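Written out below as structure tokens is the structure these notes cover.
Source: prediction; values computed, not measured. Below, chain A is the first sequence line, B the second, and so on; all start at residue 1. Excluded from the calculations below are hydrogen atoms, water molecules and symmetry mates; all remaining heavy atoms, backbone and side chain alike, are included.
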2 protein chains.
Amino acid sequence: MGRRSNPPLTRQRILEAAVALADREGLEAVSVRRLARQLCVDPMSLYNHVDSKEAILDGIVELLMREADLPVEPMEWDAWARFTAHRFAELAARHPRAFAVFSLRPLMAPESIRPVEAFLAALARAGFTTERSSEILVAFFGYVVGFSMLRHARSLFTEAEPSATDMSRLSPEEFPRCHQLATLPQPEEEVVFDASLQALLEGMRAILSADVRTTRVARTREATA
Amino acid sequence: MGRRSNPPLTRQRILEAAVALADREGLEAVSVRRLARQLCVDPMSLYNHVDSKEAILDGIVELLMREADLPVEPMEWDAWARFTAHRFAELAARHPRAFAVFSLRPLMAPESIRPVEAFLAALARAGFTTERSSEILVAFFGYVVGFSMLRHARSLFTEAEPSATDMSRLSPEEFPRCHQLATLPQPEEEVVFDASLQALLEGMRAILSADVRTTRVARTREATA
DNA sequence: TGGTGACACCTACAGCGTAGGTAAAGCAAG
DNA sequence: CTTGCTTTACCTACGCTGTAGGTGTCACCA
């Protein structure tokens, strides 16, 4: 083994350093060489533990998902959704910058995919078709990740690191309301997030009951034919 | 002026090439040097028309927003939201890969911000407080952009360019439902997108009426005190 | 003891964004 | 027509990036 000084390099140590660096300086600061410098190690040494830089980003996703600790045991689909939504919101608050990996890389680790499989199973048990389940998955994660990213990683008006140019660009004369929003503190209570989520699930329940109705009609038609 | 051969280089031509390249090979393929090669021009020549690579990405956002052509004239807040949601969904379908810039860069161009200002004005007219409007903006754009990205740019199971590894990773034994989803074609009708959006707006209307009620109570308390 | 595998290191290469400098083309005034 | 200024295309060069390929050294096992 090469001349060693520090605790031995491991995948885990690399990924933890990556998450820390991402939260400190943003995801674009996460480079193989920066990480190596942080870990007091040669850049190429990382490749003994990870396949590529993309694999490092996938590892960040994996770590965040592990921290989110989503439920995998059977439960009601809407309970799973509410639970998961809050876990993601908390995760985004803890990792405002690293959280953006979810828009960059897919879920790769089996432990990350397992809870999704559980959600799909719950949807099927409730009576959703496969096609509907697919769309509901997209709608649910789209809302949760989209909301959390916009609130914490921010990308509608302001950069990830809100700068002075953000304000100067939003001149109070031309864009009074946008300008005002940029100065607003974050709400302490998640009333809109919760209410919108609640409404979203309500809409999905409506789809379900409509689906069940038409399925039943189709079945009876089959039976009488 | 330098030795010219082609039509003159302009910001517009650069940005159009950037959008085309992004849609063809993904946003990560958009580099100053690649663009210059496409335009048969020296890399540094681009800097006579744009400030930086970030400015190019901002320009992509600008072009897409111009193409979306969101309403800026006064209208009901929920009508604006429905209209905008569909424009964004269509935009994402036309530019599946370039669409991801919305998660990378904020709105910079005044013409991009103007419709948002109009939406905020509509929310205020309807009776939403500034704080509520801010959260509703996040919820709305979070849902619309999140959904569209997940559907078209895809990043939950599969890469932007769905590859064979996506399927092999989702083994049919361990993840039967996720595996099945990866093979599913896109639905021809947007029933879940529409229904969820409808539900979302319904939830916001509920918040509004609750707000109006409490505001009225507070006002009468003030009056009687 | 000799072999084998793991792992840290090193060199090198192609590509990136862009600072700084040069030169040619277009245009305005004299 | 000449003079000079502005614009803009080009070129060189620097420090950064990801990573292919090769080398040396350690731990362990036969």
Side-chain angles (χ1 to χ4, degrees), chain A residues 1-19 21-22 24-61 97 100-101 104-105 108 159-161 163 165, chain B residues 1-19 21-22 24-61 97 100-101 104-105 108 159-161 163 165:
Chain A
M1 193 179 294
R3 28 239 164 268
R4 171 188 302 160
S5 45
N6 288 355
L9 201 54
T10 62
R11 186 176 123 91
Q12 180 72 18
R13 247 163 55 78
I14 293 171
L15 299 184
E16 284 168 3
V19 170
L21 180 57
R24 203 155 4 97
E25 307 193 30
L27 272 170
E28 64 284 355
V30 176
S31 79
V32 176
R33 294 169 125 101
R34 286 284 313 256
L35 280 176
R37 230 174 298 149
Q38 298 263 316
L39 296 162
C40 300
V41 109
D42 184 274
M44 288 311 284
S45 294
L46 302 196
Y47 285 88
N48 290 317
H49 305 273
V50 294
D51 286 342
S52 62
K53 188 193 166 167
E54 287 202 335
I56 295 178
L57 294 178
D58 292 337
I60 295 181
V61 171
R97 325 266 310 252
V101 272
L104 258 47
R105 300 289 312 158
M108 295 294 285
E159 315 237 2
E161 196 78 354
S163 61
T165 69
Chain B
M1 193 179 294
R3 31 239 163 266
R4 170 186 302 161
S5 46
N6 288 354
L9 200 53
T10 60
R11 187 176 123 91
Q12 180 72 18
R13 246 164 54 78
I14 293 171
L15 299 184
E16 281 169 4
V19 170
L21 180 57
R24 204 155 7 93
E25 306 193 32
L27 272 170
E28 65 284 355
V30 176
S31 78
V32 175
R33 293 168 125 102
R34 286 285 311 260
L35 280 175
R37 229 176 298 147
Q38 297 265 314
L39 296 160
C40 301
V41 109
D42 184 272
M44 289 311 285
S45 294
L46 302 196
Y47 285 88
N48 289 317
H49 305 273
V50 294
D51 285 343
S52 64
K53 188 193 167 169
E54 287 203 335
I56 295 177
L57 295 178
D58 292 336
I60 295 179
V61 170
R97 325 263 314 248
V101 273
L104 258 47
R105 300 288 312 159
M108 296 294 285
E159 314 237 3
E161 196 78 354
S163 62
T165 69

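- Close to D:dC16, at under 4.0 Å from its OP1 or OP2, lies no side-chain N or O of A:R37.
- Distance CG (A:N48) to C1' (D:dG24): 13 Å, rounded to an integer number of Å.
- Going from atom CE of B:M44 over to atom P of C:dG20 covers 10 Å, rounded to whole Å.
- Residues satisfying the side-chain contact (heavy atoms from CB on, under 4.5 Å) test with A:L15, not counting sequence neighbours, are A:R11, A:I56, A:L63.
- The side chain of B:L9 approaches D:dA9 more closely than any other nucleotide in the set D:dA9, C:dT11, C:dA19.
- One interatomic measurement links the two molecules: CG of B:L35 to C1' of C:dG15, which rounds to 15 Å at whole-angstrom precision.
- Annotation: side-chain hydrogen bond (donor to acceptor under 3.5 Å, both in side chains) contacts of A:T10 (sequence neighbours excluded): none.
- Between B:R97 and B:A22 the shortest heavy-atom distance is CB-O, 3.2 Å.
- Regarding B:L46, its CG atom lies at a distance of 12 Å from the P atom of C:dC16, rounded to whole Å.
- OP1 or OP2 of D:dC10 sits under 4.0 Å from a side-chain N or O of B:S45.
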Anything under 3.5 Å between a donor and an acceptor, one on a side chain of residues 32-42 of chain A, the other on a protein residue two or more places apart or in another chain? List them.
residue : atom : partner : partner atom : Å
A:R34   : NH1  : A:E25   : OE1          : 3.4
A:R34   : NH2  : A:E25   : OE1          : 3.4
A:R34   : NH2  : A:E25   : OE2          : 2.7
A:Q38   : OE1  : A:R24   : NH2          : 3.4
A:D42   : OD1  : A:M44   : N            : 2.8

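- Rounding to whole angstrom units, CG of residue A:D42 and P of D:dG18 are separated by 13 Å.
- Atom-to-atom distance recorded for B:T165:OG1 and A:M108:CE is 5.5 Å, nearest 0.5 angstrom.
- Taking atom OH of residue A:Y47 and atom P of nucleotide D:dT23, one finds them 21 Å apart after rounding to whole Å.
- For A:R33 against D:dT19, a side-chain N or O and a base N or O form a donor-acceptor pair under 3.5 Å.
- Bending across the helix from C:dT1-D:dA30 to C:dG30-D:dC1, expressed as the angle between its end axes from five pairs apiece, amounts to 10° (10° rounding).
- Not one N or O on the side chain of A:H49 forms a donor-acceptor pair closer than 3.5 Å with the backbone of A:I14.
- Using a 4.5 Å heavy-atom cutoff, the side chains of B:L57 and B:L27 are in contact.
- Applying the side-chain hydrogen bond (donor to acceptor under 3.5 Å, both in side chains) rule to A:E159 yields the partners B:R105; only residues at least two apart in sequence or on another chain are considered.
- Of the side-chain N and O atoms in B:H49, one or more sit less than 4.0 angstrom from OP1 or OP2 of D:dA9.
- Summarising the geometry, the separation between CD on A:E28 and C1' on C:dC16 is reported as 15 Å, rounded to the nearest angstrom.
- The stretch residues 52-61 of chain A touches DNA chain D through A:S52, A:K53, each having a heavy atom within less than 4.0 Å of the strand.
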